[in-house]
Amino acid sequence: MVVVRDIRRTEMARLSTITLAAYAGLDGIDVGPYRTSLADVADRALHAEVLVAVAGDRVLGGVTYVPDAGSPYAEFRDRDAAGMRMLAVDPAAQGRGVGATLVAACVQRARASHRRRLVLHTTEAMTSAQRLYQRFGFERAARRDWRPQPHIVLLGYELVLEPAPVSGARRT
């Protein structure tokens with residue numbers, strides 16, 4: 001059974017390795033200087049929330065959940081949004097629903113924090129990731145597109161979240 005939880009310090013090196021391996025396997029993408037950010041799981045955990053998918057004691061993948069625009073990892077300015085970054089699944093565990101489990105955990109955290117949107121970026125080459133996001137209801141948000149490097153265009157996606165019901169409220 002796959003469980004998603006906050007990363008433990010002892011798992012950071014493993015998630016760094018997984019993240020670099022997952023991004024290295026993407027055809028046509030040269031991560032260049034972004035490689036340093038991908039590898040620095042400790043910094044992500046310090047400034048955002050790093051979640052891991054584990055089976056027993058084996059880390060299968062991870063994602064960085066950005067709870068608000070105040071984080072240095074935020075790629076958005078919306079005060080009522082959260083973000084999701086650096087989703088990575090061990091190449092040996094891909095195709096088994098690990099990525100979907102991590103996305104679901106980010107959606108759940110955003111809803112629990114009463115965020116109105118969950119924002120992410122991907123590249124044109126990440127077609128499998130795009131299909132995954134679309135299955136969750138994410139829609140293309142071209143106004144969020146940007147170029148972090150001259151040769152990389154990041155495509156914006158967002159999921160509009162329904163407000164969480166107020167506890168004790170009556171439905172009519």
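Residue indices begin at 1 and follow the sequence shown.
Residues Glu158 and Arg116 are not paired through a salt bridge, judged by the lack of any N-O separation under 4.0 Å between the basic side chain and the carboxylate. At a threshold of 4.0 Å, the pair Arg144-Asp78 counts as salt-bridged, since one of the basic side-chain nitrogens sits closer than that to a carboxylate oxygen. Ion pairing between a basic and an acidic side chain is recognised when a charged N comes within 4.0 Å of a carboxylate O; Asp80 and Arg115 show no such pairing.
Residues Gln108 and Tyr65 form no side-chain contact, since every pair of their non-hydrogen atoms from C-beta on lies 4.5 Å or further apart.
Side-chain atoms of Ser71 do not come within 3.5 Å of backbone N or O of Pro67 as any donor-acceptor pair. In terms of modelled atom types and a separation under 3.5 Å, the side chain of Gln94 and the main chain of Val89 share a donor-acceptor contact.
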Next item on the list: Test side-chain contact (heavy atoms from CB on, under 4.5 Å) on Leu161 and Val107 and set out the steps.
Entry: CA-CA 8 Å; Leu161 301 168; Val107 171; 4.2 Å; yes
Checklist line | Stepwise side-chain contact (heavy atoms from CB on, under 4.5 Å) check, Arg140 with Leu155 | finding: CA-CA 8 Å; Arg140 268 288 280 127; Leu155 307 176; 3.7 Å; yes
Checklist line | side-chain contact (heavy atoms from CB on, under 4.5 Å) between Leu132 and Phe138, intermediate numbers included | finding: CA-CA 9 Å; Leu132 170 63; Phe138 282 86; over 6 Å; no
Margin query: Walk me through whether Val103 and Met84 qualify under side-chain contact (heavy atoms from CB on, under 4.5 Å).
Written below: CA-CA 8 Å; Val103 172; Met84 195 176 92; 3.8 Å; yes
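The environment of CD in Glu139 is sparse: at most 12 heavy-atom neighbours from other residues, nucleotides or ligands sit within 6.0 Å. The number of heavy atoms from other shown groups lying within 6.0 Å of CZ (Arg77) does not exceed 12.
The structure places OG of Ser113 at 9.0 Å from CG of Asp68, a figure rounded to the nearest 0.5 Å.
Pairs engaging residues 10-22 under the salt bridge (Lys or Arg N to Asp or Glu O under 4.0 Å) rule: Arg5-Glu11, Arg14-Asp90 [sequence neighbours left out].
Listed by chain and number, the hydrophobic cluster partners of Val54 are Met1, Val3, Ile7, Met12, Leu15, Ile18, Val41, Val50, Val52, Val59, where partners are ILVMFWY side chains within reach of under 4.5 Å, directly or through others.
Note: Tyr73 and His47 have tilted aromatic rings, judged against thresholds of 30 and 60 degrees for the angle between ring planes.
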